[in-house]
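Report on the following structure.
Keep in mind the model is a prediction, meaning the values are calculated, not measured. Each ligand, and each atom within it, is numbered from 1 in the order the structure gives. Hydrogens, waters and symmetry mates play no part in the numbers below; they use all other heavy atoms, side chains included.
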Amino acid sequence: MPDFLVVGGGVAGLVAARRLALGGRSVELLEAGSLLGGQMQRHTLDAVVLDAAAESFATRGGIVATLLADLGMAEDVVLPDIASAWVFRTDGSAAPLPATGVLGIPGHPLAPDVVRAIGLRAALRACADAVLPARVGADSENLGALVRARMGRGVVDDLVAPVVRGIHSRHPDDMPVESASPRLRALLAERGSLAAAVRSVRTAAPAGSQVAGIRGGMFRLVDALKADCERLGVRIETGVRVDGVEPGGVSVGGRVLSGQVVLAASDPTQPAPERRRLTLVTLVLDAPALDAAPRGTGVLVAAGAPGVSARALTHMSAKWAWLADALPGRHVLRLSYDGDPADAVRTAMHDAEVLLGAPVGGLIDADSVAVWRPVPIRRGPRADGVHDIGEATAGTGLAAVIDSAERAAQTLLGDSRSPETRDRMVQ
Ligand SMILES: Cc1cc2nc3c(=O)[nH]c(=O)nc-3n(C[C@H](O)[C@H](O)[C@H](O)COP(=O)(O)OP(=O)(O)OC[C@H]3O[C@@H](n4cnc5c(N)ncnc54)[C@H](O)[C@@H]3O)c2cc1C
């Protein structure tokens, strides 16, 4: 009987299992699928293994970089190209994304790059934010309503919606203000305008790139975690779907396994979470017209923009130098879609040409991957002694889930001293 049963072999489960094993505990990790990594999957295109999902991590707090250094991968951390991304607007034209914003909300509404992105009329409307009383929009339930009230529709439609849609796959009208930026509302009250609040958020953020990647692909993190878990004696079982969870163990098809449970998966005893389908289409192209990276690292698309159905395009080989080196003479594009586009590769080729404003050349290889994203629900702390980690409690993104897994494991290591030791401490 292991000390801990970790349910779910995504990054959160692997990180927790590793940390618990480093603390000298025996750990069994149970993964329903045939592969580890959960949402962090990979695919092979033009004979090179590429990330099929996550391609970067947030640098905030140094959480992911610390883990990578622990795993001996510090030298493999790479920064993306600094070229700006672009926005494809509701009128079908494209402009570079303004530099000094938070989720597309401008810190300086009259800056030349903002005027270029949304036009002078919309930029002047956005300036009203500076003179409106701080209470205007302050009670808005969602980000879209807040920005619309303070800066007008143009900022929402041509800046905030494309950015939020590209990053979080939802419209700002469906995004609570606090999920977008936890301090934004308080800073609006404190600083008196939304633009000033945005500038404060930017100033508080550490200098340098907000994201980084791993040379060779983010999936290498999964392989390194798996190897370290195995080295530390974690028993990893794939193809094992847990169907019942309780504090002292789990059940798998009528079999009961005992151990303290760390749940790094959706709770099998609860109704399945609502999910949305996204499709990611990766194209490998022989396209000299893209050598100049006409849209920097990619394009975020405004909802309802004419002639395209993609919601974002990443010029992966312009964003990551290691990828350009791995596929010389090729360009790698990734387009993302809500739902399931008909004839995905052909649609992506068409959209790429429109969004990049250049011929995309010959198709060398392509893959279309369906991804099911859970509609975010945050589980509160459980009363039953099962320890929840990963997306369900921490939110989306590797920095958040790794942090939650490390913290939970540290707490459990503190709590899981032998009963004799605990008794002695109580006495
Ligand atoms: C397309 C896409 C792009 C992304 N891009 C980025 C990015 O660039 N940067 C970033 O930081 N994040 C990104 N993310 C988000 C990031 O990948 C996730 O937040 C993170 O991988 C979640 O890890 P997790 O371990 O909490 O959950 P998951 O990866 O979902 O792992 C849960 C695991 O539990 C298993 N499981 C479920 N039920 C059971 C059961 N009953 N019994 C046993 N096992 C079970 C599942 O099979 C799965 O392996 C992206 C996600 C997607 C889908």
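Heavy atoms of Leu280 found under 4.0 angstrom from ligand 1 belong exclusively to the side chain. Residue Val371 touches ligand 1 through its side chain alone, judged by heavy-atom distances below 4.0 Å. Counting heavy atoms under 4.0 Å from ligand 1, residue Ile389 does not touch it at all.
Atoms of ligand 1 found under 4.0 Å from any heavy atom of Val7 (numbered from 1 in listed order, with element): 42 (N), 43 (C). Here is the list of ligand 1 atoms found below 4.0 Å of a heavy atom in Val240: 42 (N), 43 (C). Set against the non-hydrogen atoms of Leu30, the atoms of ligand 1 under 4.0 Å away are 43 (C), 44 (N). Close contacts between ligand 1 and Glu55 involve ligand atoms 8 (O) [criterion: under 4.0 Å to a heavy atom]. If you number the atoms of ligand 1 from 1 as listed, the ones under 4.0 Å from a heavy atom of Gly390 come out as 26 (O). When each atom of ligand 1 is checked for a heavy atom of Gly38 under 4.0 Å away, the hits are 29 (O), 31 (O), 48 (C), 49 (O). Using a 4.0 Å cut-off to heavy atoms of Thr396, the atoms of ligand 1 that qualify are 15 (C), 19 (O).
Residue Val11 has at least one N or O atom closer than 3.5 Å to an N or O atom of ligand 1. At a 3.5 angstrom cut-off on N or O pairs, Ala12 counts as close to ligand 1. Checking only distances, Ser56 does come within under 3.5 Å of ligand 1, N or O to N or O. On a distance-only criterion, Arg334 and ligand 1 share no N/O pair closer than 3.5 Å.
No donor-acceptor distance shorter than 3.5 angstrom exists from the side chain of Asp158 to the backbone of Ile118, with no hydrogens or angles considered. A distance-only check finds no donor-acceptor pair linking the side chain of Arg18 to the backbone of Cys229 [under 3.5 Å]. The closest donor-acceptor contact from the side chain of Ser368 to the backbone of Val281 lies at 3.5 Å or more, if one exists at all.
The single protein non-hydrogen atom nearest to atom 21 (O) of ligand 1 is Leu398 CD2, 3.8 Å, given as residue, atom name and distance. Nearest protein heavy-atom contact of atom 31 (O) of ligand 1 is Gly10 CA, 3.5 Å. Scanning all protein heavy atoms for the shortest distance to atom 2 (C) of ligand 1 gives Ala53 CB, 3.6 Å. Taking atom 28 (P) of ligand 1 as the reference point, the nearest protein heavy-atom neighbour is Gln39 NE2, 3.8 Å. Scanning all protein heavy atoms for the shortest distance to atom 44 (N) of ligand 1 gives Ala32 N, 3.1 Å. Remark: minimum distance from atom 47 (O) of ligand 1 to any protein heavy atom is reached at Glu31 OE2, 2.6 Å.
In this structure, Ala264 has a heavy atom closer than 4.0 Å to ligand 1.
When the heavy atoms of Glu391, Gln41, Met40, Met218 are ranked by distance to atom 26 (O) of ligand 1, first place goes to Glu391. Checking Pro268, Ala392, Ala265, Ala405 against atom 38 (N) of ligand 1, the nearest heavy atom belongs to Ala265. Taking all heavy atoms of Leu278, Val401, Val242 into account, the minimum distance to atom 40 (C) of ligand 1 is reached by Val242. Of the listed residues (Ala54, Gly37, Gly9), the one carrying the non-hydrogen atom nearest atom 3 (C) of ligand 1 is Ala54.
Contact of the Phe4 side chain with the Leu29 side chain is not registered, since no non-hydrogen atoms from C-beta on lie closer than 4.5 Å. In this structure the side chain of Arg165 never reaches within 4.5 angstrom of the side chain of Leu300, judged on heavy atoms. In this structure the side chain of Gln260 never reaches within 4.5 angstrom of the side chain of Arg25, judged on heavy atoms. Side-chain contact between Ile236 and Lys226 is present, with heavy atoms from C-beta onward closer than 4.5 Å. Between Asp46 and Arg330, the closest side-chain pair of non-hydrogen atoms falls below 4.5 Å. Between Val114 and His108, every side-chain heavy-atom pair lies at or beyond the 4.5 Å cut-off. For the pair Asn142/Met175, no side-chain contact is recorded, criterion being any heavy-atom separation below 4.5 Å from C-beta on.
The structure places CD1 of Ile167 at 10.0 Å from CZ of Arg311, a figure rounded to the nearest 0.5 Å.
In plain terms, the two heavy atoms of Val160 and Leu143 that are nearest each other are CG1-CD2, 3.9 Å.
Judged by a 6.0 Å distance limit and a 45° cone about the ring axis, Arg295 is positioned over the six-membered ring of Trp86.
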For this session: Please test His43 against Asp51 for side-chain hydrogen bond (donor to acceptor under 3.5 Å, both in side chains), starting from the C-alpha separation and ending with a verdict.
Result: CA-CA 6 Å; His43 53 179; Asp51 288 312; over 6 Å; no
Problem set entry | Derivation of the side-chain hydrogen bond (donor to acceptor under 3.5 Å, both in side chains) call for Arg191 and Ser200 | CA-CA 9 Å; Arg191 303 289 313 276; Ser200 293; 2.4 Å; yes
